[in-house]
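Bear in mind that the values here come from a model prediction, so they are computed numbers and not experimental data. These values consider heavy atoms only, across backbone and side chains, with no hydrogens, waters or symmetry-generated copies.
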Amino acid sequence: MRIKHILTTVTVMTGMAMSAETPVYLDPNAPVEARVEDALSRMTLEEKVGLCHAQSKFTSKGVERLGIPEVRMSDGPHGVRAEINWNDWGYAGWTSDSITAFPALTALAATWNPEMSALYGKCVGEEARYRDKNVLLGPGVNIYRTPLNGRNFEYMGEDPYLAGEMAVPYIQELQKNGVAACVKHFALNDQEKWRGSVNVDVSDRALYEIYLPAFKKAVQEGGSWSIMGAYNKVWDQHCCHNERLLQDILRGEWGFDGAVITDWGGAHDTKEAALNGLDIEMGSYTNGLTSESEFGYDDYFLADPYLDMLKSGEVPMSTVDDKARNILRLIFRTSMNTSKPFGSKCTPEHYAAAKAIGDESIVLLKNTGILPLDGNKYNSILVVGENATRCLTEGGGSSELKVKDYVSPLSALHALYGDKVKYAKGYVSGRSLYEKEDVIPQEELDKLRSEAVAMAKDADVVIYVGGLNKNAWQDCESTDRREYSLPFGQNELIEELIKANPNIVIANITGNAYEMPWIEKVPAVLHLSYLGTMGGASLADVVAGKVNPSGKLPYSIPVKLEDCGANSFGVESYPGVETENGPRQKYMEDILVGYRWHDTKKIPALFPFGHGISYTTFAYGKPVLSAKQMSEGEAITVTVPVTNKGAVGGKEIVQLYIGDEKASVLRPVKELKHFDKISLAPGESKDVAFTITPDDLKFFDDKKHEWVAEPGKFKVYIGSSSADIRAVDSFNYKYSLK
């Protein structure tokens, strides 16, 4: 319901007569804070409490009496989820809620291109606006700690700097549509197993250096209007009403002025929720996905029980005023923002954006020359694999999308190569969702494998499109992966295909790293995430050379699972151990996550963080530092020339890492501090410049609770990946004690 702007006075509010001279901030151009305080002054206690909890599966209350609308939320962030019933988890069956599926966030991170992130946020925001949503539940910026996390595909990799840099433009452009980002899941929600109860033990250094920076950037640079609390516990307290996370850090240290929303079913205690900074409670007494509650919305922790505590004085009235302010601010920024633009969905522009993002996300891991695939050279092209035809927008939990159109890899390859393309399924995965799982008979798998191998013998070249999917126990909310290897006998299938035809291109679709025991035997490997509506077209164009691959890994791919830091310490570190007080785990790798672990422990990854090759080659020149010494308040510029030495145009991601040569605490060998994606024509050169400041040198001192840069020698590493370092230089840092 909209405010009637012709009104200028109110005579009866909250049961009391008000002066005709009382100003009413109904002008949409009035300052938001003035409008918030005015609305708050007119609300009853019951109306304030009513704002703080759900009234349906995906809406929370407004104040109808004052013309303040409800808050309408939708799952994201890869697209706007199909309409859910008002009071159960079933789909509403609308015919108007099909949308564009954009690539998964792990694909967005693989572009290493903030411009793609801005385009993504703009387009998904337009679709959310068209669907009349006020809050899109995303982006996710939890850190890729272990490749077994079923929800890694929704996040942006293992490095906090990369995740933060990619999240900010997404949030900014999304919110220009009058749709709030709800950055999730705050914090340390790094696995799905026991997600609602696992109690995380993490050092302050790891917390501040690894797990919080992307959230901080989302708040302070992105200006996110809402944050979603995580399911898990930290320091024995659930994240959705965790005093230190929400009060001390989010609001106290970072100055967050938006609304904190629970993950669905993430609230557990009225008093903690009242006192510790939670604003909107959603999905309580359910698992947030499938289960239904025997209780009504008035039974929520922040509903009648909260009202009773307020009336009895058990919790102060200031708590509900603070919550109402945050929620009203959210409403005025979104649904009551009369200057927001119109939305749109499934437009040619959105499909083009999804295609462009997908194109830049595909990572070429290995190529001995077979790619790009010249259609004139081959008369018979066999495509093998279930993922060549399976719609990978389905499943996965809350990331499931109802697409208007879907371009599969097989259909796109057919469009490029015509009748030369034949297809064999090779394996089948069935459908698995939550506790339900199809069991595929071994005879069926054997039959499909035999058929594919027989066809491979007669083909000139094989393109294998397999990997994971969004079944339970793969890339799926609520479950973690059971194994690091590919499921459904795919490794055995790939080995037999290699024997039948060594001209094979592996193009696996997955939101995670996986084991590759056959890697030395195949001439080319492409690494894709879930690319949505236009994903097949992106894959086909990269295979054919119409698009030169330019994606780079946002996470390391270990040789074996035990090479990953989180998995190297046994179950105490992942997934945790069950105790009489519930499951507990300790982040025993501490700050050494991903490439930090591989570098420092000298355990090479199969494919390192930041890796990705091209159909051309890039040469790096000698870096030039503007100075060899830096003090407080100063900066050093690093300039490095990069040249395209090949015959085709391409894009390169130049990465700058910093290493502290001697520190009083354990530090990684190096850490990503800057990157730049550049486009170069054949023979073209560009100078890439980075500015290093003292902030790039700091670690978090948990004893002083502050960021510290110690004096000494620092190395500058310029590379094409975390392991492919093309140039090294150094400088000294000094500071004067105050």
Work out which heavy atom in Pro103 is nearest to a heavy atom in Gly358; give both atom names and the distance. CG-N, 3.9 Å
Trace of the side chain to side chain donor-acceptor pair (under 3.5 Å) decision for Tyr155 with Asn149: CA-CA 11 Å; Tyr155 305 138; Asn149 180 9; 5.4 Å; no
Distance check, rounded to the nearest 0.5 Å: Leu539 atom CG versus Leu410 atom CG? 10.5 Å
Would you say that Phe58 contacts Leu137 through its side chain, given a criterion of any heavy-atom pair below 4.5 Å between the two side chains? yes
Would you check if there is a donor-acceptor pair between the side chains of Ser485 and Asn491 at a distance under 3.5 Å? no
Under-4.0 Å salt bridge between Glu451 and Lys447: yes
Taking the side chain from Asn508 and the backbone from Gly466, do they hold a donor-acceptor pair closer than 3.5 Å? yes
Closest contact, heavy atoms only, Arg81 versus Glu400: CG-O, 3.5 Å
All heavy atoms of Val141 vs all of Ala214, minimum pair found to be CB-CB, 3.8 Å
For the residue pair Ser568 and Glu589, establish whether any side-chain heavy-atom pair is separated by less than 4.5 Å. no
Are Ile463 and Leu373 close enough that some pair of their side-chain heavy atoms sits under 4.5 Å apart? yes
When Val465, Val462, Val522, Leu526 are each screened for side-chain contact (heavy atoms from CB on, under 4.5 Å) with Ile506, the one that passes is Val522
With a sphere of 6.0 Å drawn around CD of Glu520, does it hold more than 12 non-hydrogen atoms of other residues, nucleotides or ligands? no
Over all atoms of both residues, closest heavy-atom pair of His350 and Thr100: CB-OG1, 3.9 Å
Ionic contact status for Asp97 with Lys402, cut-off 4.0 Å: yes
Reported OH-to-OG distance for the pair Tyr285 and Ser291, which is rounded to 0.5 angstrom: 13.0 Å
OG of Ser538 to NZ of Lys355, rounded to nearest 0.5 Å, is 4.5 Å
For the side chain of Arg482 and the backbone of Trp473, is there at least one donor-acceptor N/O pair under 3.5 Å apart? no
Is the backbone of Leu108 close enough, under 3.5 Å, to the side chain of Thr111 for a donor and an acceptor to pair up by distance? yes
Give the ring-plane orientation class for Phe488 versus Tyr427, where under 30° counts as parallel, over 60° as perpendicular and anything between as tilted. parallel
So if I apply the side chain to side chain donor-acceptor pair (under 3.5 Å) rule between Asn113 and each of Lys677, Glu360, Lys651, which one comes out positive? Glu360
With a 3.5 Å distance limit and no angle check, can you tell me whether Glu477 reaches the backbone of Ser398 through a side-chain donor-acceptor pair? yes
Please check if the side chain of Asp159 supplies one atom and the backbone of Leu162 the other of a donor-acceptor pair under 3.5 Å. yes
After noting the C-alpha distance and the side-chain angles of Arg390 and Ser429, does the key distance pass the side-chain contact (heavy atoms from CB on, under 4.5 Å) rule? CA-CA 10 Å; Arg390 181 166 180 157; Ser429 63; 2.5 Å; yes
Hey, does the side chain of Glu127 reach the backbone of Ile99 with a donor-acceptor pair shorter than 3.5 angstrom? no
Could you tell me whether Tyr130 atom OH has more than 12 heavy atoms of other residues or ligands within 6.0 Å of it? no
Would Lys404 and Tyr351 count as a side-chain contact (heavy atoms from CB on, under 4.5 Å) if you check the C-alpha gap in whole Å, the side-chain angles of each, and the deciding distance to 0.1 Å? CA-CA 11 Å; Lys404 182 176 182 292; Tyr351 283 11; 3.8 Å; yes
Indicate yes or no for a side-chain donor-acceptor contact from Asn152 to the backbone of Thr146 under 3.5 Å, with no hydrogens or angles considered. yes
Trace of the side-chain contact (heavy atoms from CB on, under 4.5 Å) decision for Tyr615 with Leu364: CA-CA 9 Å; Tyr615 295 152; Leu364 180 59; 3.7 Å; yes
Separation of Leu553 CG from Ile653 CD1 (nearest 0.5 Å): 10.0 Å
Donor-acceptor check, side chain of Thr262 to backbone of Met282, threshold 3.5 angstrom: yes or no? yes
In this structure, are over 12 heavy atoms from other groups packed under 6.0 Å from Glu562 atom CD? yes
In Phe609, Tyr587, Phe569, the residue satisfying ring pair (Phe, Tyr, Trp, His ring centres under 6.0 Å) with Trp597 is Phe569
Going by heavy atoms in the side chains, are Ile381 and Leu413 under 4.5 Å from each other? no
For side-chain contact (heavy atoms from CB on, under 4.5 Å), just list the numbers for Arg151 and His185, CA-CA rounded to whole Å, side-chain angles, deciding distance to a tenth of an Å, and then say yes or no. CA-CA 11 Å; Arg151 218 166 178 180; His185 304 89; 3.4 Å; yes
So does Tyr484 get a backbone contact from the side chain of Glu515, meaning a donor-acceptor N/O pair under 3.5 Å? no
Between CZ of Arg195 and CG of Asp190, what distance do you get to the nearest 0.5 Å? 13.5 Å
From Leu531, Val543, Asp541, residue fulfilling side-chain contact (heavy atoms from CB on, under 4.5 Å) relative to Ile362: Leu531
Is there a side-chain contact between His611 and Ile557 (heavy atoms, below 4.5 Å)? no
Relative to each other, are the rings of Tyr555 and Tyr144 parallel, tilted or perpendicular (30° and 60° limits)? parallel
Lys/Arg-Asp/Glu bridge criterion (N-O < 4.0 Å) met for Lys499, Glu495: no
Heavy-atom check, side chain of Val198 versus side chain of Lys193, under 4.5 Å: no
Within a strict 4.5 Å, meaning less than it, do heavy atoms of the Tyr514 and Leu468 side chains meet? no
Cys182 SG to Asp263 CG distance, which is reported to the nearest 0.5 Å: 9.0 Å
Quick check on Trp86: does its CH2 atom have over 12 non-hydrogen neighbours (other residues, nucleotides or ligands) under 6.0 Å away? yes
Asn142 versus Asn189, closest heavy-atom pair with distance: ND2-N, 3.4 Å
Using atom types as modelled and distance alone, determine if a side-chain donor or acceptor of Lys420 lies under 3.5 Å from a backbone N or O of Tyr378. yes
Any side-chain heavy-atom pair from Trp264 and Met73 closer than 4.5 angstrom? yes
Where do Asn501 and Asn503 come nearest, in terms of heavy atoms and distance? OD1-N, 3.0 Å
Output yes when Glu83 and Lys57 qualify as a salt bridge under the 4.0 Å nitrogen-oxygen rule, no when they do not. no
Got a salt bridge between Glu496 and Lys457, using NZ or NE/NH1/NH2 to carboxylate O under 4.0 Å? no
Is there a side chain to side chain donor-acceptor pair (under 3.5 Å) between Asn548 and Ser614 once you walk through the steps? CA-CA 6 Å; Asn548 192 349; Ser614 169; 3.0 Å; yes
